[in-house]
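Residue numbers begin at 1 in each chain, while the letters A, B, ... track the order of the sequences.
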Protein chains: 2
Amino acid sequence: MSRPREFDVDRVLHQTMEVFWNQGFKATSYEDLTRTTGVKKQSLYCVFKDKRSLFLKALALYREQVIAKLKEIEALDSSPGDKLDALRYSLLDDETGCQGCLIVNASLEFGTDDEQVTREAELMVEEVQLVLEKIISSGQKQQLISNRYTSIELASYLNNTILGVRVMEKSGSSREQIETVLRTSFGMIMS
Amino acid sequence: MSRPREFDVDRVLHQTMEVFWNQGFKATSYEDLTRTTGVKKQSLYCVFKDKRSLFLKALALYREQVIAKLKEIEALDSSPGDKLDALRYSLLDDETGCQGCLIVNASLEFGTDDEQVTREAELMVEEVQLVLEKIISSGQKQQLISNRYTSIELASYLNNTILGVRVMEKSGSSREQIETVLRTSFGMIMS
DNA sequence: TCAGTTATTGACTGCATGGTCAATAATTGA
DNA sequence: TCAATTATTGACCATGCAGTCAATAACTGA
């Protein structure tokens, strides 16, 4: 029917996600994107409409990845304590070369100006919150985790801890500093 | 000897600080600055050299303000618990119309690219850390604050909590959400 | 083989922006 | 009053960038 696309849309989306992750939205130019993906500007326009649309797709992809990983941990056949440990380690060792959290970065870059970006951030927070609540409340039932606060409060608390750690990562804190914060914050909720 | 300056440098620096605080570095143009300060581009160049130099001066001013406020709280004639409460309330009610923390915003915008910005962020974290440690360790001596962790660990912990809250503020979380996080995080360290 | 369709390419446009220049204004000391 | 000095002003410049356009290439179904 027509000329076939010469590149893999999914691969390109992953790569652009990493560029945005590293550099932010405004600081990323089409030149950056074509350099890392090997795809010319106009081809990107054909598939992804806009710079902003492309960015939003990258945000969504990122969120899916984060949630998938978190659910993987939740689905582990182990105690709530071990699940929290697994989460802690996964926060400490980012396999990608990227730092911080794309959505945290985006939230701070856009503030509350961009409706869609804000929505994407809320979505991620809600989903993370849910998974954390599940793990925590099962830990509380086993008397493993303190009952001084509700699972909702503790999930918000952990969520916020993670936000802070994402900032530390991106702003160049040492692994030791981050490790201390994670150990203390996660340890604190154990009864 | 020469023509006197027609504007107050300090006033202008405060105003530019707020613009950068609200909009970030890249998103702020000289037009924005002249609009809010009433001072023309070239005059700003005369006094502050560069956009980046101006930004760095704003960062330093911001840091001084934050530290001053924190030391004010520390110098209060009240218990460590009350001091922590005062800190918590001050985090909850920002008197300026600005959201988040200028230096956190800057850290995320620049990553670790800019030597000076990174240094400024480190400076602030160190200073905050010191004040927090003092309050915490005196609270620990009075058995008010848990001795399960060292004052250094708890100060890092609180510092990170504050980072997270700054992100929440900027990304549009509700006052209730922030209040919950602060209450839980600050409450958690009490023995 | 050809018509229709979509992808690719590179050139182009318009605009915003950081930074500079040169002319002019205001001030003070001699 | 004038010379020296610094502030102010508005015009100007170079650049980088998002987005568009038009020409061409590749593919398929008829």
Next on the checklist: Pair B:Y62, B:F20 - check ring-ring contact (aromatic ring centres under 6.0 Å, His included), show working.
Outcome noted: CA-CA 11 Å; B:Y62 179 82; B:F20 281 132; over 10 Å; no

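Between D:dG19 and A:K51, no contact under 4.0 Å exists linking OP1 or OP2 to a side-chain N or O. One finds a side-chain N or O of A:S43 lying less than 4.0 angstrom from the OP1 or OP2 phosphate oxygen of C:dT8.
Checked by distance alone, B:K41 brings a side-chain donor or acceptor within 3.5 Å of a matching partner on the base of C:dG19. Between the base of D:dC17 and the side chain of A:E31 there is no donor-acceptor pair shorter than 3.5 Å. The base of D:dA26 does not come close enough to the side chain of A:R3 for any donor and acceptor atom to sit less than 3.5 Å apart. Interface remark: the A:R5 side chain does not form any donor-acceptor pair with the C:dA7 base, using a distance-only criterion of under 3.5 Å.
Within the nucleic acid shown, B:T34 has no heavy atom closer than 4.0 Å to any nucleic acid atom.
Residues B:S185 and B:Y157 meet the side-chain proximity criterion, which asks for heavy atoms closer than 4.5 Å.
Nucleotide D:dA11 holds its P atom 10 Å from the NZ atom of B:K40, rounded to whole Å. One interatomic measurement links the two molecules: CG of A:D50 to C1' of D:dT20, which rounds to 12 Å at whole-angstrom precision. Protein atom CZ of A:R52 is 18 Å distant from nucleotide atom C1' of D:dC17, rounded to whole Å. Across the protein-nucleic acid pair, B:F20 atom CZ and C:dG18 atom C1' stand 12 Å apart, rounded to whole Å. What separates OH of B:Y30 from C1' of C:dG18 is a distance of 7 Å, to the nearest Å.
B:Q143 and B:S191 share no donor-acceptor pair across their side chains, judged by distance under 3.5 Å alone.
Nucleotides of DNA chain C nearest to A:G38 and B:Y45 differ in position, and the one nearer the 5' end is that of A:G38.
The distance from atom CD of A:E153 to atom OG1 of B:T180, rounded to the nearest 0.5 Å, is 6.5 Å.
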